[in-house]
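Data block below; observations after.
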Amino acid sequence: AAEQAAAPAAAAAPAATGLVVRKAANFESRVEVCWYTKVVGNHNWLRVSRVLHCLRLLGLDEEAAAFLQCLEVLYSEGFPVAPAIKHWRKRAAA
């Protein structure tokens with residue numbers, strides 16, 4: 001399902017469908033490993049693109065929209081995903 005455990009950090013706004021993907025309880029402990037790297041981007045960002053694309057291919061448009069909304073919140077909070085966000089938007093819309 002698209003809903004994950006809520007964390008004390010800011011949650012994503014609901015997608016038009018009401019589905020919400022939130023930061024996991026262990027999100028803060030994983031930030032350095034998953035979001036900040038020595039190079040621009042990381043291999044997990046490609047996986048995110050693939051997940052968004054696969055959700056759309058399977059007709060899970062609401063889940064893709066909820067996941068993208070969560071990623072947009074991370075972007076707005078200053079996570080260094082600028083190189084990837086345009087690809088994620090494209091994959092979620094395709």
Side-chain angles (χ1 to χ4, degrees):
E3 186 157 324
Q4 297 179 357
T17 63
L19 293 176
V20 177
V21 175
R22 295 185 178 109
K23 294 175 184 175
N26 68 339
F27 181 84
E28 296 302 324
S29 70
R30 303 287 300 150
V31 167
E32 290 297 319
V33 174
C34 297
W35 297 100
Y36 293 96
T37 62
K38 294 178 183 174
V39 296
V40 176
N42 67 39
H43 66 282
N44 291 317
W45 294 1
L46 183 54
R47 289 182 179 138
V48 168
S49 298
R50 290 176 180 155
V51 167
L52 288 166
H53 184 70
C54 289
L55 287 170
R56 291 298 310 267
L57 287 174
L58 292 168
L60 300 171
D61 298 343
E62 296 170 0
E63 288 81 355
F67 187 25
L68 179 63
Q69 181 60 36
C70 182
L71 295 168
E72 292 282 3
V73 168
L74 295 176
Y75 178 59
S76 71
E77 290 176 349
F79 284 87
V81 297
I85 194 74
K86 65 180 176 248
H87 299 291
W88 296 341
R89 289 172 180 153
K90 180 179 176 183
R91 287 303 195 171

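- The salt bridge (Lys or Arg N to Asp or Glu O under 4.0 Å) search around Arg56 returns Asp61, not counting sequence neighbours.
- Shown here are the side-chain hydrogen bond (donor to acceptor under 3.5 Å, both in side chains) partners of Arg30, two or more places apart in sequence or in another chain: there are none.
- Not counting sequence neighbours, the partners of Asn44 by the side chain to side chain contact (heavy atoms under 4.5 Å, CB included) test are Asn42, Arg47.
- Closest approach of Leu74 and Lys23 over heavy atoms only: CD2-CE, 3.5 Å.
- Across Leu52 and Leu68, no two heavy atoms sit closer than the pair CD2-N, 4.2 Å.
- At a threshold of 4.5 Å between side-chain heavy atoms, the hydrophobic network of Ile, Leu, Val, Met, Phe, Trp and Tyr places Leu58 and Leu55 in one connected group.
- Considering every non-hydrogen atom in both Ala64 and Ala92, the closest pair reads O-CB, 4.5 Å.
- Within the 4.5 Å cutoff, the side chain of Val51 has no heavy atoms near those of the Arg91 side chain.
- Legend: residues meeting side chain to side chain contact (heavy atoms under 4.5 Å, CB included) with His87, ordered by chain and number and at least two apart, are Ser49.
- Across every non-hydrogen atom of Trp45 and Trp88, the tightest pair is O-NE1, 3.2 Å.
- Partners of Arg50 by salt bridge (Lys or Arg N to Asp or Glu O under 4.0 Å), not counting sequence neighbours: none found.
- For Tyr75, there are no ring pair (Phe, Tyr, Trp, His ring centres under 6.0 Å) partners two or more places apart in sequence or in a different chain.
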